[in-house]
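Comments concern the structure below.
Note that the structure is predicted; figures quoted are calculated from it, not measured. The chains referred to below are lettered A, B, ... by the order of the sequence lines, with proteins before strands, and numbering in each begins at 1.
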Amino acid sequence: MHVLEVKNLSKKYAFRNYFWRKKKITEVVNNVSLSIDRGACLGLVGESGCGKTTLGKMIAGLIKPNHGEILLQGKEMLSSSKKEIFLLRRDMQMVFQDCVGSANPKHTAGRVISEPIKNFLQVDKEQEDKMIGELLETVGLNKEDQYKYPEQFSGGQLQRVCIARALSVKPKLIILDEPLSSLDVSVQAQILNLLADLKTEFKLSYLFISHDIESVYYLSDSLAIMYLGLVVEYIEDISLFDSLCHPYTQKLLSSVLSSDPWNKQKLTSKHDELDPTGFDSLGCPYVLRCPKTCPLCKTSVPEMKQVSEKHYIACHCYELN
Amino acid sequence: MIRLLLKQMAQRFLKRKPAVICLIFMLGVVLGGIFAPWLAPHDPTEVALKFKLLAPGGQFPLGTDDMGRCVFSRLLYGTRASLGSAFVVMIIALMIGTTIGTFSAYKGGHIDNILMRLCDIFLSFPSLVIVLVIVGVLGPGLINVMISMILVQWLWYVRIVRSLVLSITSRSFIDAAKVAGTSDRVIIWTHILPNVLPQLIVLSTIDLGSLILHFSGYSFLGLGIQPPTPEWGMMIENGRRFIRSTPELMYYPGILITLVVISLNLIGDALRDIFDGNYQ
Amino acid sequence: MIKTNVMEIKNLNVSLKTQGRDVPVVKNVSFNLYEGKVLGLIGESGCGKSATCLSIMGLLERDRWNVAGSIALNGQAIQGYNQEKVRRLRGGTLSMIMQNPIGSFNPLITLGEHFIETIRCHKTVSKKEAQQIALEMLSKINLPQPQKIMKQYPFQLSGGMLQRVMIAIALFMRPSVLIADEPTTSLDVTVQYQILGELSQLRDNYKTSMLLVSHDLGIIAQMADNVAVMYGGYIVEKASILEIFHNTLHPYTRALMQSKPSFTKNRLNVLEGYPPSIMQIKAGCPFAERCSYVQKDCQKFEMSDYDLGSHTVRCLLYASAEEAIPCACS
C-alpha cells in the first residue's frame with residue numbers, strides 16, 4: 001500500500017493587475033498525481049516558482065488545494081473531519097528549507113523538539129526528556145544541546161534539530177522541503193547521509209523537494225520533474241534515470257555542471273528563461289522554451305502518458321522523437 | 001536559562017548610563033505618586049489664601065499657588081492622575097489592540113479586510129476631533145477623557161500589532177508548529193505573542209510618553225480632570241494666569257512633564273536595543 | 001605561453017574591529033590573477049571569501065575593518081589609495097558582480113539610468129552618448145529587446161536577466177580584473193548555466209582576468225584555470241585546475257570533493273563537524289579538528305604554505321619537520 005497517494009491535486013490563485021481588469025488565474029499546481037511507497041523516497045525536482053513547495057505544503061495540510069485528493073495510508077485527508085486530520089497528521093511531518101526560521105527563537109531546542117510530542121503523545125515530563133535526549137543522539141547531537149537556543153546552533157545543527165522534531169512522533173512520511181539549500185557544502189553531505197540512515201532505520205518515506213538533481217538522485221527511489229505546476233516526467237524507479245526524455249528534463253540535466261575539469265561542458269549564453277508573464281494557461285507550459293514543438297502544444301495541456309513500465313511523461317511530441 | 005537571559009539583559013541595560021538614570025528617575029516619580037499621602041507635606045486641595053503665591057522655602061518646598069496650595073504636594077498627587085491614567089489608557093488600548101490585531105492578522109481573508117477598513121475609517125478623523133466630540137457628548141471629566149483616548153488609541157495598536165504578527169506568521173516556525181499539530185490558540189500564545197511582545201513593550205513605553213503629553217494637553221484645555229484634583233496639565237493652565245509675576249508655577253509641572261517624557265523615550269530606546277541584540 | 005600578471009595580492013590580512021579585539025577574517029592570503037584566466041576561489045560560508053573580494057574592491061569601511069598587505073593592479077600598488085582614487089578604479093579597471101542581483105540595483109530608477117550613471121562616472125560623455133554605449137553593451141549580452149530593458153525597473157526583470165545586466169555594466173569599461181562573488185548562487189540551474197556561459201564568453205572576448213568565488217565545485221571545475229581553496233581565512237591549497245582535481249593534496253579539498261553527490265547511490269564520504277566560526281581563534285591549523293589526517297602537531301604549529309612546484313599547500317603533511325614554525329599565539 002502507498003503511504004501517500006496524491007490524485008489530481010490542483011491549486012489556482014486568482015489575482016488581477018488592476019481593479020477593473022479581469023482576474024487572471026494562475027495554476028500553481030496543475031493536476032498532479034503521485035504516490036510514495038513505504039520506506040521509499042520520491043524526489044521532486046524543479047526550478048524556483050514551479051510549484052514544488054506549494055505541492056509540499058498542500059500535502060502537509062498548510063495550504064488548501066482547489067481540488068484533488070490526498071490519501072495518507074489510504075485515508076482521504078481533505079474530506080476528513082478536523083479530528084481525523086489531526087490524527088492523520090501524526091504520520092506526516094515536515095522539514096523546512098529555512099532552518100533558522102523554522103525554530104522559534106524564543107524556545108530551546110528541547111522545547112522545539114517536544115512540540116509534536118506534547119500534541120500527539122501522552123507522556124509525562126520524565127519520559128519526554130528521555131525521548132528528547134534519544135532523538136538528539138539519533139540525529140547526531142548531544143543530550144545537553146536541548147538547553148540551547150536556536151541562535152547558538154550553526155545552520156547544519158539547527159537542521160538536525162528540525163529533523164529530530166519531525167522524527168519525534170515516529171511519522172510514516174516526512175516532507176523535506178529543500179532541506180539542504182541553506183547549508184554549507186560539507187554539511188549538506190552530512191545531512192544527506194543522516195537522512196539516508198534514518199530512512200533505513202525507521203523505514204521512513206520521504207517526499208524530497210529540491211532543485212538540486214544530484215542530491216535528489218542520491219536519496220530518491222522515484223523521481224518527478226515539475227515545470228510551472230505540471231509534473232512533466234515521472235519515473236517510479238530511479239534506475240530508469242538514464243531514460244528520462246522530456247525536453248525540459250534534458251535541459252535540466254544538461255545544466256548540471258560536472259565537477260570534472262576534463263569534461264568541459266560547452267557553456268552557452270543564449271537567453272532562455274522562464275517568463276511567467278508570457279505564459280497563458282492554454283497549452284503546454286514549456287512550449288515557449290521547448291526546442292521541439294507541435295501545433296498541439298499551444299492548444300492543450302499534455303496529459304500524463306505511460307512510456308514504459310514505471311515511466312510517465314507529459315509531452316505531446318514524445319512520439320516524434 | 002530564562003534567568004540567565006534576564007540577567008544578560010539587565011547587564012546590557014545597566015551599561016547604558018542615561019537609560020539607568022531615567023529609570024531611577026521614573027521609579028522615583030512613580031513611587032512619589034504612590035506614596036503621595038505620606039510624602040506630601042500638605043493636603044493638595046487645602047486652600048489657604050493667606051499663603052498664596054509664596055516663594056519656595058520653609059514649609060512649602062516649591063512654594064504655593066494662587067490659592068495657597070502647596071505646589072510640591074500637588075505635583076506629587078498629580079502623578080496619580082497624569083501618569084496613572086495615561087498608563088491605564090495605554091494598557092486597555094494595548095489589550096484591545098493586541099487582541100483584535102492578532103486575530104485579524106492570524107485569520108486573514110475577509111475578516112482581516114473588514115477590520116482593517118473599519119480602522120481606516122476611524123483613523124481618517126483627527127484624534128483631537130474625536131476626543132472633543134466624545135467629551136462634548138459625555139461631558140468633561142477624567143473617565144470620559146480616558147474613554148475617548150482609549151477609543152482613539154486602540155486603532156493604532158491594531159495596526160501595529162497586525163503588521164508585527166504578519167511578519168511572524170510568515171516565518172516557517174509557524175508552519176512547523178501547524179504541522180506538529182499545535183492548535184491555533186497555542187500557536188498564538190506560545191509562538192506569536194512572545195515574539196511580538198518585546199517590540200510591543202518598547203513601543204508602548206515610548207507611547208506612554210506621548211499619552212502623558214496628550215493627557216496634560218486635554219487637561220490644559222479643561223477637558224480632563226476637574227479642579228480641585230491636581231493634575232500636571234491643569235497646573236500649567238492655572239499657572240498661565242501668573243506667567244508675569246510667578247512663572248515658576250508653570251515651570252515645575254512643565255519641567256516634570258518634559259523629564260518624564262524624555263525618560264520614557266530613552267528607556268524605550270534602551271529596551272529596543274536590548275531586545276534586538278543577540279544573546280552573545 | 002607567457003602569462004601576463006594583472007593583479008598581484010600579497011599577504012592580504014583583513015580583520016574586523018570589534019569591541020576589545022580584532023577578529024581576523026582573512027589571513028595571509030596571496031594570489032595572482034593572469035590575463036584572460038579565471039581564478040576560482042572555493043570555500044564554505046565564513047571562510048573569508050567575500051571579505052577578500054570586498055577588500056580588493058576597497059569596499060570595506062575603514063573604521064570597522066583593518067586591511068593590511070599589498071594589492072597591485074597592473075604593477076601599481078592600490079592598497080592604501082585614498083577613497084577617491086579607489087572609487088575611480090572601481091567600475092573602471094576593477095569591476096565586481098555581486099551575489100544578489102536584485103539587491104544590487106536601486107529599485108527606484110530604471111536600468112538605463114543605472115547604466116548612464118556608471119558610464120558618466122568614468123567617461124565624460126553626454127547623456128545621449130552614454131545611452132548609445134549602454135545600448136551597445138546590452139545588445140552584447142544576449143538579452144531580447146535591449147531598448148525595452150533600458151526603460152524597465154529592476155523588479156520587472158528576473159534574477160538571471162538582472163545578473164546579465166550587471167555583467168554588462170561591470171564590463172563596459174573593459175576592466176582588466178572582474179571579481180564575481182558567487183554570481184549564480186541565487187539563480188536556477190538552467191539560468192546559472194547561461195550566466196556562466198556569458199562570463200566565459202566575455203573572458204574569451206575581452207581577455208579579462210577573473211576572480212570567481214563559489215562554493216560549488218561544478219562551477220569551478222567548468223570555469224576556472226587556477227583554483228584557490230579557502231578555509232578558516234587561509235588559502236589552504238592553490239594550484240592549476242587539473243592539478244587540483246587530479247592530484248588533490250589538502251585533506252579539506254579532498255573531503256570537499258568527496259562530499260558532493262554526483263549521480264551515484266554510493267554512500268557519501270562525509271566531512272564531520274562544521275566550518276569554524278570567525279570568532280573562534282585557535283592555534284595551528286583551522287581544519288585540524290575536522291581533519292582525518294590530523295597529527296598531534298597540527299594544533300600546535302602555525303602552518304605555513306609549502307611550495308611543491310606546481311602546487312602550494314598549507315598542511316603539515318607536506319612539510320619536513322624543520323620547516324614547521326612554533327606557533328606564536330599559543
Of the listed Val100(A), Val112(A), Asn119(A), the one with the largest count of heavy-atom pairs under 4.5 Å with chain B is Asn119(A)
Option that, when pairs with chain B are counted at under 4.5 Å, heavy atom only, ranks first among Pro116(A), Gly101(A), Ser168(A), Ala103(A) = Gly101(A)
Answer yes when Lys107(B) and Asp112(B) have at least one side-chain N-carboxylate O distance shorter than 4.0 Å, and no when they do not.
-> no
Counting heavy-atom pairs under 4.5 Å with chain A, the top scorer among Arg171(B), Lys178(B), His191(B) is His191(B)
With no hydrogens and no angle check, is any side-chain donor or acceptor of Ser210(A) less than 3.5 Å from a backbone partner on Leu180(A)?
-> no
First locate atom CG of Leu72(A), then atom CD1 of Ile59(A), and finally report the distance between them rounded to the nearest 0.5 Å.
-> 9.5 Å
Side chain, backbone, both or neither of Ser170(B) within contact of chain A (heavy atoms, under 4.5 Å) = neither
Output the distance between atom OG1 (Thr169(B)) and atom CG (Asn195(B)), rounded to the nearest 0.5 Å.
-> 11.0 Å
Which bit of Lys57(A) comes within less than 4.5 Å of chain B, counting heavy atoms only: side chain, backbone, both or neither?
-> side chain
Identify which part of Arg90(A) has an atom lying under 4.5 Å from any heavy atom of chain B, answering side chain, backbone, both or neither.
-> neither
Under 6.0 Å between ring centres, would you say that holds for Phe173(B) and Phe96(A)?
-> no
